[in-house]
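What follows is one structure encoded as structure tokens, with my remarks underneath.
Atoms considered below: every heavy atom in the structure, side chains included; atoms not considered: hydrogens, waters and symmetry mates. Quantities reported herein were computed from a predicted structural model and do not represent experimental measurements. Chain A is the first sequence line, chain B the second, and so forth, proteins listed ahead of strands; every chain is numbered from 1.
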Amino acid sequence: QQDTLQNTPKKERKWFQSISIGGYLQVRYNGLLETNRNLDCDQCDKAWGEGSNFSIRRARIVLSGQIHPQIYFYIQPDFASAVNGTKNFAQLRDAYFDIGVDKKNEFRFRIGQSKVPYSFENLQSSRNRLSLDRNDGTNSSFSNERDLGIHFMWAPTKRRELFKSLVADGLKGSGDYGVIALGIVNGQPLNTREMNDNKHVVFRAAYPFNIKNQTFEAGIQGYTGIYRMMDDDISAGVKHNGSLNYKDERVGITAVWYPKPFGIQAEYNIGRGPEFNKLTDSIETQNLSGGYVLLNYQLRLKEQLLIPFVKYKYYDGGKKFEQDARSYHLNEMEFGIEWQPWKHFELVVMYTMSERRYEDFTLRDNFQRGNVLRLQAQFMF
Amino acid sequence: QQDTLQNTPKKERKWFQSISIGGYLQVRYNGLLETNRNLDCDQCDKAWGEGSNFSIRRARIVLSGQIHPQIYFYIQPDFASAVNGTKNFAQLRDAYFDIGVDKKNEFRFRIGQSKVPYSFENLQSSRNRLSLDRNDGTNSSFSNERDLGIHFMWAPTKRRELFKSLVADGLKGSGDYGVIALGIVNGQPLNTREMNDNKHVVFRAAYPFNIKNQTFEAGIQGYTGIYRMMDDDISAGVKHNGSLNYKDERVGITAVWYPKPFGIQAEYNIGRGPEFNKLTDSIETQNLSGGYVLLNYQLRLKEQLLIPFVKYKYYDGGKKFEQDARSYHLNEMEFGIEWQPWKHFELVVMYTMSERRYEDFTLRDNFQRGNVLRLQAQFMF
Amino acid sequence: QQDTLQNTPKKERKWFQSISIGGYLQVRYNGLLETNRNLDCDQCDKAWGEGSNFSIRRARIVLSGQIHPQIYFYIQPDFASAVNGTKNFAQLRDAYFDIGVDKKNEFRFRIGQSKVPYSFENLQSSRNRLSLDRNDGTNSSFSNERDLGIHFMWAPTKRRELFKSLVADGLKGSGDYGVIALGIVNGQPLNTREMNDNKHVVFRAAYPFNIKNQTFEAGIQGYTGIYRMMDDDISAGVKHNGSLNYKDERVGITAVWYPKPFGIQAEYNIGRGPEFNKLTDSIETQNLSGGYVLLNYQLRLKEQLLIPFVKYKYYDGGKKFEQDARSYHLNEMEFGIEWQPWKHFELVVMYTMSERRYEDFTLRDNFQRGNVLRLQAQFMF
């Protein structure tokens with residue numbers, strides 16, 4: 001340090017030059033103009049259906065960095081995780097590192113806890129998503145979109161740059177999970193222990209490309225594995241297959257027309273998995289299908305950005321992470337607008353019109369229909 | 001980065017220039033010269049009354065920054081939060097951002113989880129407070145002094161600077177919650193869900209000013225709302241009003257004569273809220289009142305600082321956050337001294353003489369009197 | 001800030017110059033070639049014995065810094081702590097600050113939660129340890145190797161530099177806990193409350209020294225105290241001494257021949273503590289003894305490092321932190337190799353051959369023998 005002025009041989013990087021810290025915070029006000037308080041969606045937002053309330057949906061702090069030309073890391077706890085009904089404890093979402101195989105990191109291995117490369121909307125960060133919740137159709141695949149394991153990813157440098165710019169330029173891309181990704185993960189809910197020796201195997205191919213001024217992305221994805229129902233999710237009296245191990249597999253397609261300024265985003269997936277059957281009082285392997293279509297328009301007013309959007313969601317199938325692999329059939333329509341007065345702050349107003357049938361051993365014949373207005377203020381740093 | 005010396009167009013700030021990290025740690029040794037082990041104070045310090053022990057009272061890490069001329073954020077988890085008797089988990093205390101309405105941020109909205117602008121001592125950071133615990137009188141208003149919602153604050157630049165200097169100069173000010181603050185919050189215990197549609201509304205006016213070499217501050221504050229008793233806080237057999245919703249409102253006054261070198265600080269508040277009545281075995285809306293007077297003297301010995309202090313506390317009323325809205329009647333006297341050998345480290349020795357009656361459905365006829373000596377080592381970074 | 005170019009009086013350090021952030025992440029794959037699934041070791045790795053699975057063993061983030069010439073701090077939460085079976089919550093491991101008595105910090109007090117200076121392997125960071133788990137013999141002394149209290153440490157500057165270089169140079173030293181350390185701590189499991197007024201007192205002397213090109217270290221250590229068995233650890237029906245307070249004391253020796261390139265590390269300790277006796281169905285104060293020998297060889301291949309190692313472990317005694325102070329008798333042999341392709345990343349493959357008898361009130365006559373292969377990928381930043 002003393003003689004840095006003369007013959008500095010190879011200046012050492014300080015910790016804050018190779019590690020960076022950022023994050024975001026989502027504060028919501030739910031329950032405005034609510035027509036049916038019995039209508040809720042646990043996977044979407046636990047504070048929906050609790051009447052009018054302020055809530056913190058996400059409080060994320062990210063440590064990340066390219067700490068070596070071939071090593072990148074990303075650690076993201078969420079500070080809005082609940083324990084036994086008490087809120088806002090810190091719990092890991094991501095904790096992984098990428099090891100580049102080649103010098104350009106076109107081939108890389110990801111080790112640790114990460115989003116599973118399945119579904120564009122799952123991979124898109126919540127800080128970029130327009131609608132307040134992900135769609136039930138593809139989001140019912142992996143709890144919190146994540147799992148623990150190893151992934152192999154490949155993307156040529158040019159595509160990596162395009163993946164990056166689709167986020168950096170405010171086009172709300174998915175981030176870079178490779179043009180090709182192949183993963184092997186535990187296959188149980190995030191932040192719980194593995195319950196069977198079977199691993200889930202997942203595959204995704206996604207290709208973004210420019211045509212004139214417009215950008216498109218097409219994707220396919222699939223996974224297969226054996227999901228072991230959690231003991232706590234089995235109601236006393238419900239029938240099941242004994243081992244609690246159920247086939248769990250899906251395939252899906254993605255089509256994105258990025259908003260320059262008008263955009264369309266659509267995904268659909270089909271598959272099979274555990275689902276409660278109220279006619280037989282049992283958990284059975286059944287078919288599932290679902291997806292969404294999102295239309296949006298980016299309106300730039302000087303520094304400010306206004307994005308009106310419409311989203312339609314559909315899902316028919318079980319949710320393996322819920323009580324008795326709760327059976328769902330839903331149609332939902334959302335109308336919203338996102339306003340970004342500055343790049344660090346955005347406000348979303350969203351009106352939902354929903355029809356949801358969701359049933360388990362206790363909650364039988366549960367069809368809920370209703371409308372609700374929700375607000376979100378989001379801060380990013 | 002290379003050519004910063006010539007024609008720098010608009011130098012981008014690095015993350016560590018707009019975000020800063022700090023915090024503090026409080027380690028205590030309780031139970032010295034303890035005359036009555038049945039005397040404790042859950043809201044003050046859960047380790048008081050557990051005999052002689054080392055404990056971590058607070059382990060705070062703060063991320064904050066003026067990330068945009070009109071956006072400031074503050075995220076503070078506490079790493080000494082307990083879950084089911086296991087200690088030292090990370091849980092949010094603060095998570096908010098301030099959006100300036102005008103360029104000078106004299107008018108601003110605060111969104112998220114923050115201290116509620118009620119009571120000077122509540123707002124004063126624990127790292128600055130002389131006595132180890134806050135007074136029961138005003139601190140029984142909001143659990144952990146905080147809640148989730150939106151606040152509007154106003155203060156002219158000159159007062160903002162004075163608020164800031166009263167902390168920076170070691171005078172142990174409250175920080176800047178505006179000369180005028182108006183807030184709307186859930187009104188339930190911190191880090192729990194909202195339980196009724198009613199919101200608490202809070203108002204505060206505080207005005208610090210200089211007269212010759214001395215600095216004074218006067219304040220008034222009040223709030224009103226409906227508090228919903230938590231189900232877990234209701235003993236089997238206790239009578240209540242059925243809905244568990246109780247009126248909860250207060251008004252209070254504050255007077256501070258800042259220590260240059262002699263200081264006085266006093267607050268008092270009155271109001272009504274739920275309180276256990278042992279004569280009827282029921283939780284009823286009852287009157288409450290309480291406050292404190294603190295005398296202190298700042299003795300500077302070269303780089304070091306010595307601050308002897310005396311504090312008298314009084315409270316008569318219920319504590320809505322405790323079992324059956326536990327009924328309290330207390331008188332407490334504290335004698336202490338704070339020693340700051342360096343600005344990063346301070347040591348407090350405090351002797352407490354206490355008389356506390358606190359009773360609920362199970363803990364009937366519970367009057368405890370006793371003395372105890374406690375030590376705290378505090379480190380700030 | 002404006003006029004830093006002329007007459008800078010005393011340049012203020014920025015927060016990121018006095019505080020630094022780092023950490024490490026350990027991702028494991030357990031259960032390869034497993035011959036006996038009933039064989040596990042709770043203290044070693046809870047994911048061992050759960051079949052084939054990915055798990056995060058440690059996810060550590062460290063904030064530390066010499067914030068003043070005589071004040072150093074260290075705060076380390078682990079983001080892989082479980083609560084009621086749900087994983088990956090953030091919980092404190094370390095939270096302490098060192099106050100130097102003299103200007104050179106040769107004499108210092110440590111206040112807060114820290115590793116207890118007992119056993120070289122306990123003090124050695126998991127990021128440096130070769131084998132995946134610590135040895136049961138000395139690691140059964142303090143849960144998570146840590147406790148809350150005050151320590152006094154002394155080491156002359158020259159030894160402090162040697163302690164430091166033994167870590168920095170990749171020789172996997174213990175870090176600097178003084179040549180002499182004397183501590184007083186609660187004596188209960190980490191992150192739980194003190195249960196009796198008795199404090200544990202601990203002493204350690206360790207002396208590293210060079211002979212020609214080789215480096216050696218010799219150490220002795222001991223502690224004494226009264227451990228209060230935790231109520232949750234007492235099975236219904238088991239007999240005990242009523243107060244649940246048991247004598248808990250040990251002495252141990254350490255010998256290290258640092259790997260330049262061949263190394264040997266050995267420790268052994270004896271003592272007494274609570275232990276379940278299946279003949280009388282009771283928890284009794286009994287003798288204990290155990291330790292290990294580790295052989296290793298550092299093979300440098302250009303930038304890369306390969307370290308094959310063999311470790312033998314033995315323990316006979318109770319584990320006070322487990323159910324009924326579970327009784328252990330074990331012999332274990334480990335063969336492994338650590339590969340560091342870059343200094344930020346290492347991979348360990350370890351094959352274990354184990355014989356473990358561990359018994360409590362419920363788990364009677366439980367002798368397990370088996371082999372298993374485990375992998376660990378570790379990333380450091």
Side-chain angles (χ1 to χ4, degrees), chain B residues 14-17 19-32 34 37 46-47 49-65 77-92 303 341-347 375-381, chain C residues 14-21 61 63-65 67-79 81-84 86 89-100 109-113 147-150 184-199 230-232:
Chain B
K14 303 286 185 189
W15 75 269
F16 47 83
Q17 292 171 320
I19 299 174
S20 80
I21 297 181
Y24 64 102
L25 179 63
Q26 293 179 340
V27 179
R28 296 189 176 176
Y29 193 85
N30 292 290
L32 284 163
E34 195 169 39
R37 188 163 291 193
K46 287 177 178 60
E50 296 185 347
S52 106
N53 62 76
F54 291 101
S55 69
I56 298 177
R57 179 63 181 90
R58 291 176 180 89
R60 300 282 170 88
I61 295 176
V62 178
L63 272 83
S64 64
D78 181 32
F79 283 80
S81 298
V83 179
N84 304 339
T86 305
K87 294 186 173 191
N88 301 332
F89 285 97
Q91 188 184 34
L92 278 186
E303 302 274 291
W342 304 286
K343 68 170 183 161
H344 295 290
F345 174 66
E346 61 186 48
L347 205 61
L375 308 176
Q376 175 180 285
Q378 178 177 287
F379 162 73
M380 287 159 282
F381 61 99
Chain C
K14 303 286 186 190
W15 74 269
F16 48 83
Q17 291 171 320
S18 52
I19 299 173
S20 80
I21 296 181
I61 295 176
L63 272 83
S64 64
I67 204 129
H68 174 279
Q70 279 166 263
I71 310 180
Y72 173 81
F73 81 102
Y74 191 93
I75 296 179
Q76 178 181 239
D78 180 32
F79 283 79
S81 299
V83 179
N84 304 339
T86 305
F89 286 97
Q91 188 183 34
L92 278 186
R93 288 297 171 270
D94 298 286
Y96 65 79
F97 46 99
D98 284 359
I99 305 287
F109 284 95
R110 171 164 299 179
I111 301 172
Q113 187 157 302
D147 207 333
L148 180 54
I150 295 182
I184 172 166
V185 295
N186 278 343
Q188 292 299 123
L190 193 73
N191 294 324
T192 64
R193 53 165 285 203
E194 170 63 307
M195 296 293 284
N196 60 26
D197 284 356
N198 174 274
K199 296 289 159 289
M230 302 296 279
D231 298 306
D232 286 352

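- In this pair, B:Phe79 and C:Phe79 present their aromatic rings perpendicular. The plane angle is above 60°, beyond the 30 to 60° band.
- For C:Ile71, the part lying under 4.5 angstrom from a heavy atom of chain B is the side chain only.
- Both the backbone and the side chain of C:Ile150 come within contact range of chain B, judged by heavy atoms closer than 4.5 Å.
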Acceptor/donor pairs from residues 92-99 of chain C side chains to any protein atom, 3.5 angstrom cut, sequence neighbours excluded:
from: C:Arg93; atom 1: NH1; to: C:Gln91; atom 2: OE1; distance (Å): 3.4
from: C:Arg93; atom 1: NH2; to: C:Ser81; atom 2: OG; distance (Å): 3.0
from: C:Asp94; atom 1: OD1; to: C:Arg146; atom 2: NE; distance (Å): 3.0
from: C:Asp94; atom 1: OD2; to: C:Gln76; atom 2: NE2; distance (Å): 2.9
from: C:Asp94; atom 1: OD2; to: C:Arg146; atom 2: NE; distance (Å): 3.2
from: C:Asp94; atom 1: OD2; to: C:Arg146; atom 2: NH2; distance (Å): 3.0
from: C:Asp98; atom 1: OD1; to: C:Arg110; atom 2: NE; distance (Å): 2.8
from: C:Asp98; atom 1: OD2; to: C:Arg108; atom 2: NH1; distance (Å): 2.9
from: C:Asp98; atom 1: OD2; to: C:Arg110; atom 2: NH2; distance (Å): 3.0

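- Considering CG of C:Asn186 and OG of B:Ser52, their distance stands at 8.0 Å, rounded to 0.5 Å.
- For B:Ala377, the parts sitting under 4.5 Å from any heavy atom of chain C are the backbone and the side chain alike.
- Shown here are the salt bridge (charged side-chain N to carboxylate O under 4.0 Å, His left out) partners of C:Asp232, two or more places apart in sequence or in another chain: there are none.
- Proximity to chain B (any heavy atom under 4.5 Å) is restricted, for C:Asn84, to the side chain, taken from C-beta onward.
- Heavy-atom distances place no part of B:Glu34 under 4.5 Å from chain C, backbone and side chain included.
- The side-chain heavy atoms of B:Val83 and C:Phe89, taken from C-beta on, include no pair separated by under 4.5 Å.
- Atom CG in B:Asn53 sits 13.0 Å away from atom CG in C:Asn198 (nearest 0.5 Å).
- To the nearest 0.5 Å, the span separating CZ on B:Phe345 from CZ on C:Phe73 amounts to 15.0 Å.
- Between chain B and the options C:Gln188, C:Gln70, C:Glu194, C:Lys199, the largest number of non-hydrogen pairs under 4.5 Å is found for C:Lys199.
- Atoms NE2 and NE2, on C:His68 and B:His344 in that order, are 6.5 Å from each other to the nearest 0.5 Å.
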Yes or no on side chain to side chain contact (heavy atoms under 4.5 Å, CB included) for B:Phe381 and C:Ile75, after CA distance, side-chain angles and deciding distance? CA-CA 11 Å; B:Phe381 61 99; C:Ile75 296 179; 3.8 Å; yes
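- Only the side chain of C:Ile19 comes within less than 4.5 Å of a heavy atom in chain B; its backbone stays farther off.
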If you apply the rule side chain to side chain contact (heavy atoms under 4.5 Å, CB included), what do you find for C:Leu148 with B:Ile56, and how did you get there? CA-CA 8 Å; C:Leu148 180 54; B:Ile56 298 177; 3.7 Å; yes
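- One distance of note links CD of B:Glu50 with CG of C:Asp197; it measures 11.0 Å at 0.5 Å rounding.
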Walk me through whether C:Val185 and B:Phe54 qualify under side chain to side chain contact (heavy atoms under 4.5 Å, CB included). CA-CA 7 Å; C:Val185 295; B:Phe54 291 101; 5.7 Å; no
